[in-house]
Amino acid sequence: MDLMDKTKSVKIAVIGGSGLYNFDHLTPIKEIYPETPWGYPSSKIIIVEDSRGSQIAFLSRHGAGHQYNPSEVPSRANIAALKHIGVEVIIAFSAVGSLREEIKHQDFVLPDQIVDRTKGIRPSTYFEGGVVAHTTFADPFNPLLAEIIYSHRHCLGANVTLHRNKTVVCIEGPAFSTRAESHLYRSWGCDIINMSALPEAKLANEAEIAYQMICMSTDYDCWKQDEVSVTVEVVISNLNKNAENAKKLLGEILPDLEKAVEEGKFEEIKGVMKASCITRKDARNEEVIKKLEYILPGYFN
Ligand SMILES: CSC[C@H]1O[C@H](OP(=O)(O)O)[C@H](O)[C@@H]1O
Ligand SMILES: Nc1ncnc2[nH]cnc12
């Protein structure tokens, strides 16, 4: 499939997680599978178009057949590939466990904070090997994106609540948590749990892409006494409905998102990485600069 002439500059991307492996309710325009300096992305990037002519880039986080476990997802390649084709905004969907009674199965959640319980085995920065940068990560998600999404919550219907300003704890997995851990995360103030928020959010931040995760609750992890502990079966039993709602919500927010992008509402993050680099210009590794050109051209040489 290569209908290049029909492709506009695609500025909005969707990363689909567990249960959301395609956007095949929209018209495919083009497929790309670029090799980035950090390898290949986890799936082809499919450019799809809705009935109004709006285009988005879709990428499946775990691969189209869910082949990559959370620790294996090539997040640097995923984010780099999207940035390289011109993406400025990412909406990332994720299946999560609920750590709160009021976040019910199939509810949607917009986290605004992350607690990192990954184990340091996932490559989580573009800045290594001779070019060092330290990014501000106090607010890992984009508040304007969250606001736009929240304003369309009513399309989900009366049975689905969209919660906002919640904290997601990201564990390494692939095993689910022990009961002691589940209680611990609750005591820390965490509201939902997944295995995917990091390093994706960090890398989007380094690539200067506005990023918001939309989490969809599938289970109560294992803290709740009157519920079965999470299993893949429990998660899967909620995935189809969640995927349907995800597509509905995305369809609703797309016009407002496009407008915000066109009005330059996400411009303020551009250029931040130039100021975050601490390595003296003449000490920067040229090979690394060459790789960084792929995502932030002209920033470091
Ligand atoms: C299938 S249960 C655990 C799995 O589901 C979530 O995936 P995603 O965030 O990509 O929807 C969670 O993070 C784990 O990777
Ligand atoms: N309980 C849970 N823990 C981690 N990731 C999840 N994804 C869905 N449910 C989860």
Side-chain angles (χ1 to χ4, degrees), residues 13-23 41-43 58-75 78-79 90-101 103-111 114-119 121-122 140-141 163 166-186 188 190-204 211-224 227-247 249-250:
V14 167
I15 298 180
S18 300
L20 192 60
Y21 304 111
N22 62 62
F23 253 34
S42 45
S43 75
F58 180 87
L59 174 69
S60 178
R61 178 181 295 121
H62 301 279
H66 206 130
Q67 307 94 311
Y68 295 98
N69 84 23
S71 315
E72 294 169 335
V73 172
S75 295
N78 287 354
I79 298 297
I90 294 177
I91 305 288
F93 286 97
S94 171
V96 301
S98 165
L99 299 174
R100 300 288 159 203
E101 180 94 45
I103 301 175
K104 300 182 300 302
H105 294 177
Q106 299 181 7
D107 274 359
F108 276 41
V109 186
L110 296 171
I114 309 176
V115 170
D116 186 359
R117 282 276 299 166
T118 63
K119 305 289 183 189
I121 61 174
R122 306 176 182 189
F141 300 106
H163 307 261
K166 300 297 178 194
T167 297
V168 58
V169 54
C170 180
I171 63 169
E172 185 64 49
F176 294 112
S177 307
T178 64
R179 220 177 297 284
E181 287 166 338
S182 200
H183 286 298
L184 184 67
Y185 302 148
R186 277 167 50 75
W188 286 353
C190 304
D191 303 296
I192 49 175
I193 180 164
N194 75 2
M195 306 175 191
S196 306
L198 294 170
E200 206 171 84
K202 267 188 190 163
L203 294 165
Y211 177 91
Q212 178 66 51
M213 201 162 232
I214 302 181
C215 298
M216 304 175 292
S217 167
T218 53
D219 54 84
Y220 277 110
D221 202 41
C222 59
W223 63 272
K224 203 166 180 289
E227 285 274 336
V228 290
S229 298
V230 58
T231 63
V232 163
E233 255 184 318
V234 173
V235 171
I236 287 174
S237 70
N238 289 297
L239 285 181
N240 285 345
K241 191 71 198 152
N242 284 353
E244 236 176 74
N245 284 333
K247 289 172 183 176
L249 181 60
L250 206 268

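We count ligands from 1, going down the list as the structure has it; atoms in each ligand are counted the same way. What you are looking at is a predicted structure, and each value in this text was computed from that prediction instead of being measured.
- Of the protein's heavy atoms, Phe176 CE2, 4.0 Å lies nearest to atom 3 (C) of ligand 1.
- The contact set between ligand 1 and Asn194, taken as ligand atoms under 4.0 Å from a residue heavy atom, comprises 13 (O).
- Between the side chain of Ser94 and the main chain of Val96, no donor-acceptor pair closer than 3.5 Å is present.
- Side-chain atoms of Asn69 come within 3.5 Å of backbone atoms of Ser71 as a donor-acceptor pair (strictly under, hydrogens ignored).
- Residue Met195 touches ligand 1 through backbone and side chain together, judged by heavy-atom distances below 4.0 Å.
- Between His105 and Tyr220, the distance from one ring center to the other falls under 6.0 angstrom.
- Contacts with ligand 1 closer than 4.0 Å are made by heavy atoms of both the backbone and the side chain of Ser94.
- The N/O atoms of Ser18, backbone and side chain alike, include one that comes under 3.5 Å of an N/O atom in ligand 1.
- When each atom of ligand 1 is checked for a heavy atom of Arg61 under 4.0 Å away, the hits are 8 (P), 9 (O), 10 (O), 11 (O).
- Taking every heavy atom of Ser196 and a limit of under 4.0 angstrom, the matching atoms of ligand 1 come to 7 (O), 8 (P), 9 (O), 10 (O), 12 (C), 13 (O), 15 (O).
- A side-chain contact (heavy atoms from CB on, under 4.5 Å) with Val168 holds for exactly one of Leu198, Val115, Asn194; it is Asn194.
- No donor-acceptor pair closer than 3.5 Å links the side chain of Ser43 to the backbone N or O of Gly63.
- In this structure, the protein non-hydrogen atom closest to atom 15 (O) of ligand 1 is Pro70 CG, 3.4 Å.
- Every atom of ligand 1 is numbered from 1 in the order shown, and the set under 4.0 Å from a heavy atom of His62 is 7 (O), 8 (P), 10 (O), 15 (O).
- In summary, the atoms of ligand 2 found under 4.0 Å from a heavy atom of Val230, numbered by their order in the structure, are 1 (N).
- Note that CG of Asp221 and CD1 of Ile171 are 7.0 Å apart. Values are rounded to the nearest 0.5 Å.
- Aromatic rings of His66 and Tyr21 (six-membered ring for Trp) have centroids within the 6.0 Å cut-off, being under it.
- The heavy atom nearest to atom 7 (N) of ligand 2, out of those in Pro70, Gly17, Cys215, Ala95, is found in Ala95.
- Some N or O of Gly97 is nearer than 3.5 Å to an N or O of ligand 2, by distance alone.
- Using modelled atom types, no side-chain atom of Asn238 and backbone atom of Val235 make a donor-acceptor pair closer than 3.5 Å.
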- Going through the checks in order, is the side chain to side chain donor-acceptor pair (under 3.5 Å) test met by Arg61 and Tyr68? CA-CA 8 Å; Arg61 178 181 295 121; Tyr68 295 98; over 6 Å; no

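- With a 4.0 Å heavy-atom cut-off, ligand 2 is reached by the side chain of Thr218 but not by its N, CA, C or O.
- At least one N/O-N/O distance between Ala95 and ligand 1 falls below 3.5 Å.
- Checked by distance only, ligand 2 and Ile171 stay at 3.5 Å or farther apart across all their nitrogen or oxygen atoms.
- Of all atoms in ligand 2, listed by their number and element, those nearer than 4.0 Å to a heavy atom of Asp221 are 1 (N), 2 (C), 3 (N).
- The pair Arg122-Glu172 meets the salt-bridge criterion, with a side-chain N (NZ, NE, NH1 or NH2) lying under 4.0 Å from an Asp/Glu carboxylate O.
- Distance alone, capped at 3.5 Å, is enough to place a donor-acceptor pair between the Arg186 side chain and the Leu99 backbone.
- Not a single heavy atom of Gly173 sits less than 4.0 Å from an atom of ligand 1.
- The backbone and the side chain of Ile193 each have at least one atom closer than 4.0 Å to an atom of ligand 2 (non-hydrogen atoms only).
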